[in-house]
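Read the structure below first, then the notes.
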There are 2 protein chains.
Amino acid sequence: MVERNEETIQATKTSFEIVHTLQEVGPARLSEIAAELELAESTTHRHLQTLHDMRYVSRDGERYQLGLRFARLGRAAQTRDPAYEMTQRHVEALAEETGERAQFVVEDHGLGIYLHVETGSQAVRVGFGVGRQIHLHSSSAGKAILAHYPRERVDEILDQWGLPAHAANTITDREELYEELETVRERGVAFNREEHVDGLNGTAVPVKRDGRAIGALAVAGPSHRLTGEWLDEEIPNMMLAAANELELNATYASDAGSRDHIVE
Amino acid sequence: MVERNEETIQATKTSFEIVHTLQEVGPARLSEIAAELELAESTTHRHLQTLHDMRYVSRDGERYQLGLRFARLGRAAQTRDPAYEMTQRHVEALAEETGERAQFVVEDHGLGIYLHVETGSQAVRVGFGVGRQIHLHSSSAGKAILAHYPRERVDEILDQWGLPAHAANTITDREELYEELETVRERGVAFNREEHVDGLNGTAVPVKRDGRAIGALAVAGPSHRLTGEWLDEEIPNMMLAAANELELNATYASDAGSRDHIVE
DNA sequence: GTCATGAATTCCGTTATGCGGAACTGATAA
DNA sequence: TTATCAGTTCCGCATAACGGAATTCATGAC
C-alpha cells in the first residue's frame with residue numbers, strides 16, 4: 001500500500017535547494033525563496049532558521065544569503081586530495097608562459113569541475129570560474145580524463161549526462177566520441193576545437209596517479225590565437241612537462257598543517 | 001504534552017553534521033561516520049544517499065568524502081559581496097610589500113572569516129587559511145571590525161562567543177576590550193601583540209562602506225620581526241592607503257559576468 | 001569447499017516530526 | 001484609524017524519518 005519509493009530525505013533536499021537558490025539569486029527575502037521553490041512560507045522559515053542557526057546562512061535585516069561557513073567547506077572540498085593543491089603552481093606557470101587561461105579540472109559525479117583557474121593577463125579577476133561545472137564530452141580537459149577511464153565508467157557518465165551540443169563542433173555521437181578518446185589516449189593530448197564554445201579552442205593533458213587520471217591540465221583561448229604549432233605542439237609540451245613533474249611526485253606528500261584557535 | 005521546543009529541522013541538522021564530519025576527518029566509511037555521530041547505520045546511510053544524489057558528497061568505493069559541488073558554493077559565498085573580490089589585489093600587494101602574511105577578514109555570525117590570505121614568501125602553499133574562523137576579540141582584524149560596530153552588536157557577539165584566552169595577552173575582560181576598541185576607533189588602526197598566538201603580532205585597519213565596517217585588512221607575522229616603527233607606522237600606513245582606495249570606489253561596481261554552459 | 005566476520009544495504013513497524021493552512025504580530029503607509 | 005504586506009508562531013494531521021532487525025555482499029580463515 002504505502003509506496004516506499006526513493007530512499008532519500010525530503011527535508012535535507014529542501015534545505016539544500018534553499019541553499020542552491022541563495023547561490024543562484026544572491027541575497028533574497030523569505031517570501032521570494034518560498035515562491036521560487038513553491039514552498040509554504042512557514043516551511044521555508046523553518047528551513048532558513050535551521051540553516052541560520054548552523055551558520056550556513058546569514059541574514060542582513062530581511063535578506064538571507066549564503067553563510068561564509070561555506071567558504072571553509074569549499075576549501076576543504078578543493079583540497080580533499082593533496083594532489084589537487086600541488087597543481088596550482090603549474091597552472092599559474094602555464095598561464096604565465098602561454099598568456100592564456102590555464103586550468104586544472106577534475107571529475108566528480110560525471111562532471112568536470114574547475115579547481116584552479118589562472119589567466120595570463122592581469123585584467124581578468126582572480127579565481128573567476130573556480131568551482132564551475134562542465135560536461136566532459138565537450139572540453140579538452142574532459143576528454144583527457146575520459147580517455148583514461150574504463151569504458152563502463154565512460155558509458156555511465158554518458159548515460160547520466162548525455163552529449164548535449166554546446167557549440168557547432170561538439171561531438172554528440174557516442175561512437176564518434178569513443179574514437180576521439182582512442183586518439184586522445186594514443187597521443188596523450190586532447191584538443192577542443194570550438195566544441196564547447198564557438199570561437200574558443202583548448203588543449204589538455206591528463207594528470208595520472210597509479211595509472212588512473214585524477215584530473216587534467218588545460219589551456220584555452222580564442223581560436224584565432226590558439227592555432228597551428230602553438231596549439232598542436234608547443235602548449236601540449238609545456239603541459240606534458242608539468243604533468244610529468246606532478247606524476248613523478250608519486251608520493252604526493254601530505255602535511256596536516258598547523259591549526260591554531262579555530263572555531264568550529 | 002508534546003514539547004514544541006526548537007523550531008528547527010532535525011534531518012537538516014543531521015545531514016549537515018555528516019557533511020561537517022567529512023570536512024573534519026576527510027574520506028570516511030559509513031560506519032565511522034555513524035559511530036562518530038552516534039547515529040544508526042540505516043539513518044546514516046539514508047542521509048549519505050541523499051547527499052550523494054545531490055552531488056554534495058562523493059564516494060570512492062567504500063569511502064565517502066565532500067563533493068566538489070561545495071567548491072562552487074564556497075566561491076559563491078566568498079564573492080557574495082562584490083567588495084570582497086576587490087580586496088584581493090590589495091592583499092596580494094600588502095603581502096608583497098611587507099613580506100609577511102596579509103589577510104582580508106570579514107565578520108559573519110560574530111566570527112571573523114579569512115576571505116583572502118597571501119604570504120610574502122612563496123614557500124607557503126597558496127590559499128592556505130582561507131575560510132578559517134577566528135574569534136574577533138583576540139585578533140587585530142577582529143578588533144578593527146568591532147571598533148566600528150554599535151555597542152549592542154558588540155555585546156551580542158561577546159555574549160555569543162565569550163572572550164576565551166588564546167595566548168598570554170588575550171583580552172578576556174569586557175571593560176578592557178571596550179577601552180581597547182575605543183582606542184582603535186580613535187587611531188583608526190588595531191594592533192594585536194601576541195593576543196591570539198604567542199609569538200605572533202598583527203595590525204589591521206577597517207574597510208568601511210557607508211560608515212559601517214565590512215571587513216578589515218590585516219598583516220601578521222612573528223613578533224620579533226613585526227615591531228617598532230615598522231609595526232606601528234609603516235605597515236598601518238600601507239594598509240590605510242589600500243583601505244582608502246577601496247573606500248573611494250564607493251560604487252563597488254559589480255558585473256554579472258558571462259556564463260557559458262554551466263551545469264547546475 | 002564451509003564457516004565466520006564485518007560492512008553496507010534493505011525492510012518494516014512505530015511514532016516523532018516535518019508539513020501547510022490559519023492565526024497572529026509588527027512595521028509601514030494611506 | 002485602517003489596510004497591507006512580510007515574517008513568525010500555532011496547531012492538527014499524515015507522512016516520512018527513525019532505529020532495530022534481517023539480509024546481502026565481500027573477504028579471509030580453516
Side-chain angles (χ1 to χ4, degrees), chain A residues 1-22 25-67 109 150 152-153 156, chain B residues 1-22 25-67 109 150 152-153 156:
Chain A
M1 188 72 231
V2 184
E3 285 286 342
R4 291 269 181 176
N5 40 350
E6 297 274 347
E7 200 64 8
T8 55
I9 298 166
Q10 190 51 44
T12 296
K13 280 188 175 172
T14 304
S15 283
F16 271 96
E17 267 164 33
I18 288 173
V19 167
H20 188 247
T21 301
L22 290 175
V25 309
R29 341 182 47 125
L30 183 147
S31 49
E32 292 172 326
I33 300 165
E36 173 77 22
L37 297 172
E38 299 183 37
L39 291 169
E41 294 197 346
S42 55
T43 303
T44 309
H45 179 259
R46 217 171 315 115
H47 281 273
L48 282 169
Q49 189 150 296
T50 307
L51 291 166
H52 184 264
D53 276 8
M54 292 187 297
R55 293 189 282 122
Y56 284 110
V57 157
S58 318
R59 65 182 298 180
D60 184 27
E62 325 220 81
R63 300 213 110 91
Y64 291 89
Q65 60 184 328
L66 292 181
H109 285 272
E152 316 89 70
R153 179 69 187 127
E156 261 180 38
Chain B
M1 190 72 231
V2 186
E3 285 285 341
R4 290 274 181 175
N5 40 348
E6 297 274 347
E7 199 65 9
T8 56
I9 297 166
Q10 190 52 44
T12 296
K13 281 188 175 170
T14 304
S15 283
F16 271 95
E17 268 164 32
I18 288 173
V19 167
H20 188 248
T21 302
L22 291 175
V25 308
R29 343 181 47 121
L30 184 148
S31 51
E32 293 172 325
I33 300 166
E36 172 77 22
L37 297 173
E38 298 183 39
L39 292 169
E41 294 197 347
S42 54
T43 303
T44 308
H45 180 260
R46 218 172 313 115
H47 280 274
L48 283 169
Q49 187 149 299
T50 306
L51 291 165
H52 184 264
D53 275 9
M54 291 186 299
R55 292 188 284 123
Y56 285 110
V57 157
S58 318
R59 67 181 296 182
D60 185 26
E62 325 220 81
R63 299 214 110 93
Y64 290 89
Q65 60 184 330
L66 292 180
H109 285 273
E152 317 89 70
R153 179 69 187 130
E156 261 179 37

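Given the structure is predicted, the values throughout are model-derived calculations rather than measurements. A note on names: the letters A, B, ... follow the listed sequences, proteins ahead of strands, and every chain is numbered from 1.
Taking the six-membered ring where the residue is Trp, B:Phe16 and A:Phe16 present parallel rings, their angle staying beneath 30° rather than reaching 60°.
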Contact list (N/O, under 3.5 angstrom) for nucleotides 5-9 of chain C vs protein:
from, atom 1, to, atom 2, distance (Å)
C:dA8, OP1, B:Leu30, N, 3.2
C:dA8, OP2, B:Ser31, N, 2.9
C:dA8, OP2, B:Ser31, OG, 3.0
C:dT9, OP1, B:Arg59, NH1, 3.1
C:dT9, OP1, B:Arg59, NH2, 3.4
C:dT9, OP2, B:His45, NE2, 3.2
C:dT9, OP2, B:Tyr64, OH, 3.4
C:dT9, O5', B:His45, NE2, 3.2

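Here the C1' atom of nucleotide D:dC11 and the CD atom of B:Glu7 are 10 Å apart, to the nearest Å. Summarising the geometry, the separation between CD1 on B:Ile9 and P on D:dT8 is reported as 14 Å, rounded to the nearest angstrom. Atom CG in A:Leu48 sits roughly 16 Å away from atom C1' in C:dC19 (whole-Å rounding). As a whole-Å value, the separation of A:Gln10 CD from D:dA17 P is 7 Å. Atom NE2 in A:His52 sits about 14 Å away from atom P in D:dG7, given to the nearest Å. In this structure, the CG atom of B:Leu39 is 11 Å from the P atom of D:dG20, given to the nearest Å. The distance from atom CG of A:Asp60 to atom C1' of D:dA6 is 16 Å, rounded to the nearest whole Å. A:Lys13 places its NZ atom 12 Å from the P atom of D:dA16, with the value rounded to the nearest Å.
Here the NZ-OH distance, from B:Lys13 to A:Tyr56, works out to 12.5 Å after rounding to the nearest 0.5 Å. Atoms CD and CD, on B:Glu17 and B:Gln10 in that order, are 7.0 Å from each other to the nearest 0.5 Å. The structure places OH of B:Tyr64 at 5.0 Å from NE2 of B:His45, a figure rounded to the nearest 0.5 Å. One finds the CD atom of A:Glu36 at 10.5 Å from the NE2 atom of A:His20 (value rounded to the nearest 0.5 Å). Annotation: the span from B:Ile33 atom CD1 to B:Thr21 atom OG1 amounts to 7.0 Å, rounded to 0.5 Å.
The minimum heavy-atom distance between B:Thr44 and B:Leu30, with the atom names listed, is CG2-O, 4.0 Å. For the pair A:His47 and A:Ala11, the tightest heavy-atom approach, listed with the atom from each and the gap, is CE1-O, 3.2 Å. Scanning both residues, A:Ser58 and A:Leu66, for their nearest heavy atoms gives OG-O, 3.7 Å.
Residue A:Arg46 places at least one side-chain N or O closer than 4.0 Å to OP1 or OP2 of C:dC19.
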For a quick check, with a 4.0 angstrom heavy-atom cut-off, what is the B/S/- contact string for nucleotides 23-30 of chain C, read 5' to 3'?
--------
